[in-house]
Protein chains: 2
Amino acid sequence: MPTSKDVARLAGVSQSTVSYVMSGRRPISEKTRKRVEDAMAQLAFQPNAGARALASRRSQVIGLAIPFVFDLHRGSIMEFISVIAATARQSDYDILLVTDDEGPQGLERVVGQQLVDGLIIMQVEGDDARVPVIRNLPVPSVLIGIPEKHEGLECIDADFELAGQMCVEELAKLGHETVTLVDWQDEVIRRHVNYVKRFHRGVDKASAAVGVKVLHAPGRVTIAGMEKAVAKALERTKGIPAFIAPEAANADLLVEALANLGLVPGRDVSVVANCSDGLAERQRIPLTTIGFEPDEVSRRAVHMIVRDLTDPASRPPEALELIRPVFKHRKSTIRPRPKR
Amino acid sequence: MPTSKDVARLAGVSQSTVSYVMSGRRPISEKTRKRVEDAMAQLAFQPNAGARALASRRSQVIGLAIPFVFDLHRGSIMEFISVIAATARQSDYDILLVTDDEGPQGLERVVGQQLVDGLIIMQVEGDDARVPVIRNLPVPSVLIGIPEKHEGLECIDADFELAGQMCVEELAKLGHETVTLVDWQDEVIRRHVNYVKRFHRGVDKASAAVGVKVLHAPGRVTIAGMEKAVAKALERTKGIPAFIAPEAANADLLVEALANLGLVPGRDVSVVANCSDGLAERQRIPLTTIGFEPDEVSRRAVHMIVRDLTDPASRPPEALELIRPVFKHRKSTIRPRPKR
DNA sequence: TCGATTTGTCGATACGTATCGACGATGCGC
DNA sequence: GCGCATCGTCGATACGTATCGACAAATCGA
């Protein structure tokens with residue numbers, strides 16, 4: 001493998017000049033730059049990452065803590081990761097995976113070894129065990145998800161509270177008086193994931209504000225279970241029923257359960273789901289959705305950490321970014337008693 | 001951050017002794033080792049990855065090339081990645097992501113910069129553009145998926161040919177004379193993904209061997225499309241129909257389409273699917289599946305590359321590992337005319 | 001025109017670990 | 001008791017890049 005010294009020799013300059021050509025930290029004459037760049041190209045030179053990290057004390061690598069258990073539709077986690085990795089590359093950073101298998105010490109390890117310059121923590125829970133750890137780490141971190149105690153942290157997430165609010169408001173605007181929230185699966189709720197709470201808060205807020213009654217149907221794992229939950233919700237609903245399904249897996253099940261009960265979204269009931277556009281459009285009746293734009297969250301998270309790293313002075317003492325959800329009208333809602 | 005020199009000073013030994021304690025490459029007396037280990041613990045010493053990589057010429061990092069487009073149920077890719085990362089850690093390796101955004105040059109970059117010691121390439125296609133690139137790379141690679149030209153490569157994948165064979169044989173054994181293969185989605189086939197071909201080969205082989213007629217239904221993206229495909233297949237089937245759904249997304253749709261046509265798996269038709277156990281068991285009628293054990297594939301891939309790296313001499317000139325699929329009988333098959 | 005600044009380059013050194021050669025101490029066979 | 005291999009440790013050096021101080025040349029302002 002060629003080194004910067006080889007490049008220097010070929011170009012007839014010193015090694016330090018080669019370094020300055022790469023970093024641009026000192027002025028270089030056009031002529032010299034050209035000679036060096038030609039030499040680099042000729043030798044297919046690539047700077048050694050280890051040496052670079054050693055000398056500069058920065059690895060140009062960001063650690064990405066990925067979740068062990070998957071709340072979200074698992075595919076969407078993959079999307080997060082892809083986008084994060086691709087976005088990081090645009091700022092000349094690479095992504096190193098940190099799994100939950102090592103526990104929070106995994107984070108201490110990659111930072112301690114100076115393998116990474118900063119961290120992005122995915123799927124942060126309400127009382128996440130990783131939070132106290134990263135507080136004591138000498139590198140910046142960005143959290144995706146919002147822990148209970150988030151003073152002094154940089155967090156980003158979809159605005160679940162607003163999403164809950166928007167769902168209820170939208171259904172109220174259509175004329176629904178009772179709305180059933182198909183809840184997350186027990187397992188998720190039990191883990192105190194924060195965004196569930198936030199979504200609920202938004203739903204409750206809007207419910208109080210616009211005077212809509214909200215029923216809670218537990219999230220079920222099987223179709224049979226979902227059918228039972230739906231039936232129960234129907235019993236307690238006056239007028240045309242409306243459902244909010246904030247978990248993709250449940251949206252799927254809900255639609256199927258409704259179909260089995262002979263109910264067509266957009267004709268007999270209203271359904272607002274939170275799922276990918278793909279899933280929504282694959283349904284017989286395309287679903288109206290509240291979208292969470294995972295790409296947007298990922299990109300912003302990367303930009304935040306990159307800014308922290310390239311310009312530490314600009315690092316805010318605390319940041320809490322909420323990404324506005326997007327409401328997409330499709331065909332699964334109905335006006336029980338058209339206004340106008 | 002403490003360095004090995006700090007540890008040496010505290011323990012009253014030389015820096016090289018600290019290094020030998022860590023690597024075990026020279027005998028160290030029990031007494032000295034203890035002193036050094038205590039000092040390391042006291043200082044919470046972690047060796048600097050960059051310096052280590054520079055001196056040893058190995059980064060202890062494996063590059064993982066992740067797919068840009070997702071054939072498999074996207075969630076399962078996430079599973080691959082998690083397991084690969086966790087398994088790598090067990091051999092003291094970390095995982096660096098390489099996305100397709102950079103194209104095959106991304107692989108050249110991470111290797112050229114000596115960021116990684118080896119590569120795992122996921123989701124390898126029949127004529128994958130990355131294959132010619134890795135052939136010229138000075139580090140070992142392991143491919144998940146099998147390209148057309150695989151001489152001199154180390155590949156691993158699920159044994160799709162055997163899977164196709166097993167599906168047909170199983171249905172034949174039950175007594176079916178006609179079997180419908182719900183094919184992959186056009187997009188996947190068009191990309192010449194190799195495993196589709198291999199699955200077909202297995203199906204054809206078994207079909208010829210046991211004298212079962214095989215119909216092909218195109219994979220559809222919508223329920224309506226799937227219903228049409230199923231109806232067409234039914235027309236051309238004599239006796240009780242049987243379906244093979246080798247793609248998880250299609251399995252889902254197939255079951256729904258059958259339900260809409262009033263057909264119950266295990267009562268009116270036989271269905272063998274390839275999907276996760278979770279999905280299979282969530283169905284009203286738990287699906288009999290052919291399982292591809294992604295964990296097994298991931299673990300083996302990591303073990304292969306780690307072996308290549310730790311003992312280069314043991315590297316085989318070529319390897320083609322096929323993981324045997326697992327047939328799980330549940331409730332979605334039926335004997336048209338019981339034999340015995 | 002001269003001093004002051006800027007431009008462009010070089011040499012030397014630091015970064016933290018791994019590893020090689022050297023060397024005294026220890027154990028072994030006889 | 002002697003030669004010899006092994007054990008256990010140290011000092012020195014290499015790994016490849018970034019960066020600092022130095023310095024000559026070019027540019028500028030008055």
Side-chain angles (χ1 to χ4, degrees), chain A residues 1-37 39-40 43-61 92 109 111-115 117 138 309-310, chain B residues 1-37 39-40 43-61 92 109-117 138 309-310:
Chain A
M1 288 269 178
T3 72
S4 58
K5 223 174 262 174
D6 298 326
V7 173
R9 195 175 314 125
L10 183 58
V13 300
S14 74
Q15 179 268 324
S16 58
T17 299
V18 174
S19 181
Y20 285 121
V21 166
M22 292 194 288
S23 69
R25 293 180 147 279
R26 288 214 179 155
I28 299 286
S29 71
E30 205 44 59
K31 207 177 62 184
T32 306
R33 150 172 296 117
K34 180 81 173 65
R35 276 226 310 285
V36 170
E37 280 169 353
M40 294 204 296
L43 296 175
F45 168 73
Q46 313 247 115
N48 178 294
R52 184 173 269 218
L54 179 57
S56 69
R57 295 133 172 289
R58 4 182 62 237
S59 63
Q60 295 293 114
V61 174
D92 207 35
R109 182 181 63 81
V111 171
Q113 294 183 166
Q114 296 168 62
L115 258 172
D117 297 335
L309 293 173
T310 47
Chain B
M1 289 270 179
T3 71
S4 60
K5 223 174 258 174
D6 298 325
V7 173
R9 195 176 313 123
L10 182 59
V13 299
S14 73
Q15 180 268 324
S16 59
T17 299
V18 174
S19 181
Y20 285 122
V21 166
M22 293 194 288
S23 70
R25 293 180 148 279
R26 286 211 180 159
I28 298 286
S29 71
E30 205 44 58
K31 207 177 62 186
T32 306
R33 150 171 295 116
K34 182 82 173 62
R35 276 225 310 285
V36 170
E37 281 169 352
M40 295 205 294
L43 297 175
F45 167 73
Q46 312 246 118
N48 178 294
R52 185 173 268 217
L54 179 57
S56 68
R57 295 137 169 291
R58 6 182 60 236
S59 63
Q60 295 293 114
V61 174
D92 207 34
R109 181 180 62 81
V110 293
V111 171
Q113 295 183 168
Q114 294 168 65
L115 259 172
V116 305
D117 297 334
L309 292 173
T310 48

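Every chain is numbered from 1, with letters handed out A, B, ... down the list of sequences. All values below were derived from every heavy atom in this structure, side-chain atoms included, with hydrogens, water molecules and symmetry-related copies excluded.
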Discussion item. Distance check, rounded to the nearest 0.5 Å: B:Ile28 atom CD1 versus B:Arg35 atom CZ?
Written reply: 11.0 Å
For nucleotides 13-19 of chain C, list the nitrogen or oxygen atoms of the protein found under 3.5 Å from its nitrogen or oxygen atoms, one pair per line.
residue, atom, partner, partner atom, Å
C:dT17, OP1, B:Asn48, N, 3.2
C:dT17, OP2, B:Ser4, N, 2.5
C:dT17, OP2, B:Ser4, OG, 2.7
C:dA18, OP1, B:Arg52, NE, 3.0
C:dA18, OP1, B:Arg52, NH2, 3.4
C:dA18, OP2, B:Ser19, OG, 3.0
C:dA18, N7, B:Gln15, NE2, 3.4
C:dA18, N6, B:Gln15, OE1, 3.1
C:dT19, OP2, B:Arg25, NE, 3.2

Response to the item:
The reported gap from CZ in A:Arg9 to NZ in A:Lys5 (rounded to nearest 0.5 angstrom) is 8.0 Å
Worksheet, complete the sentence: Between B:Val18 and B:Ser4, the two heavy atoms sitting closest are CG2-O, 3.8 Å
Worksheet item: Given atom CD of A:Glu30 and atom P of D:dA26, what is their separation to the nearest angstrom?
Response: 18 Å
Practice prompt. Mark yes or no for whether A:Gln114, through its side chain, and B:Gly50, through its backbone, hold a donor-acceptor pair below 3.5 Å.
Written response: no
Practice prompt. Would you sort out whether B:Asn48 and B:Met1 count as a side chain to side chain contact (heavy atoms under 4.5 Å, CB included), showing the intermediate values?
Written response: CA-CA 9 Å; B:Asn48 178 294; B:Met1 289 270 179; over 6 Å; no
